[in-house]
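Everything numeric in this text was worked out from a predicted model, so none of it was measured.
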Amino acid sequence: MRLFAAVIPPQAAVDELAAEVAQLRAALPERHGRLRWAHPATWHFTLAFLGEVDEALVPELGECLARAAHRHPAHELRFAGGGRFGDRILWVGATGSLETLAGLARSTTTAARQAGVHMDDARPFRPHLTLARVTGHVNLRPYAEELAEFRGRRWRVERLELMRSNLPGGGVGAVGERPRYETVAVCPLGTRRAP
């Protein structure tokens with residue numbers, strides 16, 4: 001199973017960001033190459049990418065993640081600003097309780113390792129939500145600049161979710177196809193005693 005742990009924004013925040021992205025796309029038509037825009041139904045903040053995980057580890061992984069989530073309080077975020085990773089990925093950032101979110105990401109990685117998930121050394125956590133990936137060449141600077149002043153509504157992070165990524169038939173880079181995500185486990189933050 002290809003798994004990751006994530007925070008999923010609520011629908012009202014997604015709708016607000018989707019409206020901003022629609023305006024961005026209308027204002028800045030692509031001149032070269034191609035942008036593959038992520039569908040709003042797939043938007044999330046990745047806390048930890050776990051990769052291919054043996055299905056037999058999932059029950060223990062769920063328990064470890066539940067304990068980790070319980071140690072962190074619910075907290076507020078909002079979408080804010082934008083950026084790019086080179087000219088490969090366009091993203092929107094966040095503001096709010098970022099230290100709490102970063103602590104949750106670290107605990108998530110630790111919990112996965114405790115459950116027996118082999119993980120490569122993770123990069124430092126940088127909260128971002130991927131909006132688009134580039135095929136070919138697109139200068140993402142104007143898109144990131146347009147997003148710089150965006151500030152969405154506040155929303156509460158109340159749980160982390162263990163997600164399964166079902167790749168399209170053609171694999172990771174299949175043209176015109178997107179991965180489908182399904183929730184494997186929901187772990188509330190600091191609201192009840194974890195098993």
Worksheet item: Checking side-chain contact (heavy atoms from CB on, under 4.5 Å) against Val184, which of Leu61, Leu65, Val53, Val58 comes through?
Response: Val58
Worksheet entry | CZ-CZ distance between Arg153 and Phe79, expressed to the nearest 0.5 angstrom | 11.0 Å
Worksheet entry | Heavy atoms of other groups near Arg133 CZ, more than 12 under 6.0 Å | no
Practice prompt. Please lay out, stage by stage, how Leu35 and Tyr143 fare under the test side chain to side chain contact (heavy atoms under 4.5 Å, CB included).
Written response: CA-CA 11 Å; Leu35 286 172; Tyr143 294 88; 3.7 Å; yes
Worksheet item: Between CH2 of Trp43 and CG of Leu131, what distance do you get to the nearest 0.5 Å?
Response: 6.0 Å
Practice prompt. Measure the shortest side-chain to side-chain distance between Leu147 and Leu90 over non-hydrogen atoms and say whether it is less than 4.5 angstrom.
Written response: yes
Practice prompt. For Glu161 and Arg159, run salt bridge (charged side-chain N to carboxylate O under 4.0 Å, His left out): C-alpha distance rounded to whole Å, both residues' side-chain angles, the deciding distance at 0.1 Å, then the answer.
Written response: CA-CA 7 Å; Glu161 297 188 36; Arg159 62 191 190 180; 3.1 Å; yes
Fill in: Shared hydrophobic cluster, Trp37 / Phe45 (ILVMFWY, side-chain heavy atoms < 4.5 Å)
yes
Worksheet item: Looking at CG of Leu101 and NE2 of His72, how far apart are the two atoms once the value is rounded to the nearest 0.5 Å?
Response: 10.0 Å
Worksheet entry | Arg67 CZ to Thr110 OG1 distance, which is reported to the nearest 0.5 Å | 12.5 Å
Item to complete: Mark yes or no for whether Arg78, through its side chain, and Gly152, through its backbone, hold a donor-acceptor pair below 3.5 Å.
Response: yes
Worksheet item: Are any side-chain N or O atoms of Gln114 and backbone N or O atoms of Cys64, one a donor and one an acceptor, separated by less than 3.5 Å?
Response: no
Worksheet item: Can you hop from Phe49 to Leu47 via hydrophobic side chains spaced under 4.5 Å?
Response: no
Worksheet item: For the atom pair CG (Leu98) and CD (Glu76), what is the distance rounded to the nearest 0.5 Å?
Response: 12.0 Å
Practice prompt. Evaluate the side-chain proximity of Val134 to Ile89: yes if any heavy-atom separation is below 4.5 Å, no if none is.
Written response: no
Item to complete: State, yes or no, whether a side-chain contact exists between Leu17 and Pro9 at a heavy-atom distance under 4.5 Å.
Response: no
Worksheet item: Any donor-acceptor pair under 3.5 Å linking the side chain of Asp87 with the backbone of Asn139?
Response: no
Discussion item. With a 6.0 Å cut-off (strictly less than), is the heavy-atom count around CZ of Arg156, excluding the residue itself, greater than 12?
Written reply: yes
Discussion item. If you count heavy atoms of other groups shown closer than 6.0 angstrom to CD of Glu55, is the number above 12?
Written reply: no
Worksheet item: Hey, does Met163 have a side-chain heavy atom less than 4.5 Å from the side chain of Thr183?
Response: yes
Discussion item. Ignoring hydrogens and geometry beyond distance, is a side-chain donor-acceptor pair present between His44 and Thr46 at under 3.5 Å?
Written reply: yes
Discussion item. Are Arg34 and Val138 packed together at the side-chain level, in the sense that at least one heavy-atom pair is separated by less than 4.5 angstrom?
Written reply: no
Item to complete: Over all heavy atoms of both residues, which pair between Ala69 and Pro188 is shortest? Give the atoms and the distance, please.
Response: CB-O, 3.4 Å
Worksheet item: What are the two closest heavy atoms between Gly62 and Cys187, and how far apart are they?
Response: O-SG, 4.1 Å
Worksheet, complete the sentence: Here the gap from Tyr181 atom OH to His39 atom NE2, rounded to the nearest 0.5 Å, amounts to 12.5 Å
Worksheet item: Does the side chain of Trp155 come within less than 4.5 Å of Val7's, by heavy atoms?
Response: yes
Discussion item. Tell me the closest heavy-atom pair linking Leu50 and Ala112, and the distance in Å.
Written reply: CD2-CB, 3.6 Å
Discussion item. Do Leu189 and His75 make a side-chain contact, defined as non-hydrogen atoms from C-beta onward lying under 4.5 Å apart?
Written reply: yes
Item to complete: For residues Pro40 and Val14, report the shortest heavy-atom separation together with the two atoms involved.
Response: CB-CG1, 3.7 Å
Worksheet item: Under 4.5 Å between side-chain heavy atoms, hopping through other hydrophobics if needed: is there a path connecting Leu3 to Met119?
Response: yes
Practice prompt. Indicate if Leu162 and Ile8 have the same hydrophobic cluster label, given that clusters are the connected sets of ILVMFWY residues with side-chain heavy-atom separations under 4.5 angstrom.
Written response: no
Practice prompt. Would you indicate whether the side-chain heavy atoms of His128 and Phe85 approach each other to under 4.5 Å?
Written response: yes
Discussion item. Hydrophobic clusters here meaning ILVMFWY residues chained together by side-chain heavy-atom distances under 4.5 Å, can you tell me if Trp91 and Leu77 are in one?
Written reply: no
Worksheet entry | Neighbour count above 12 (heavy atom, 6.0 Å) for Arg141 CZ | no
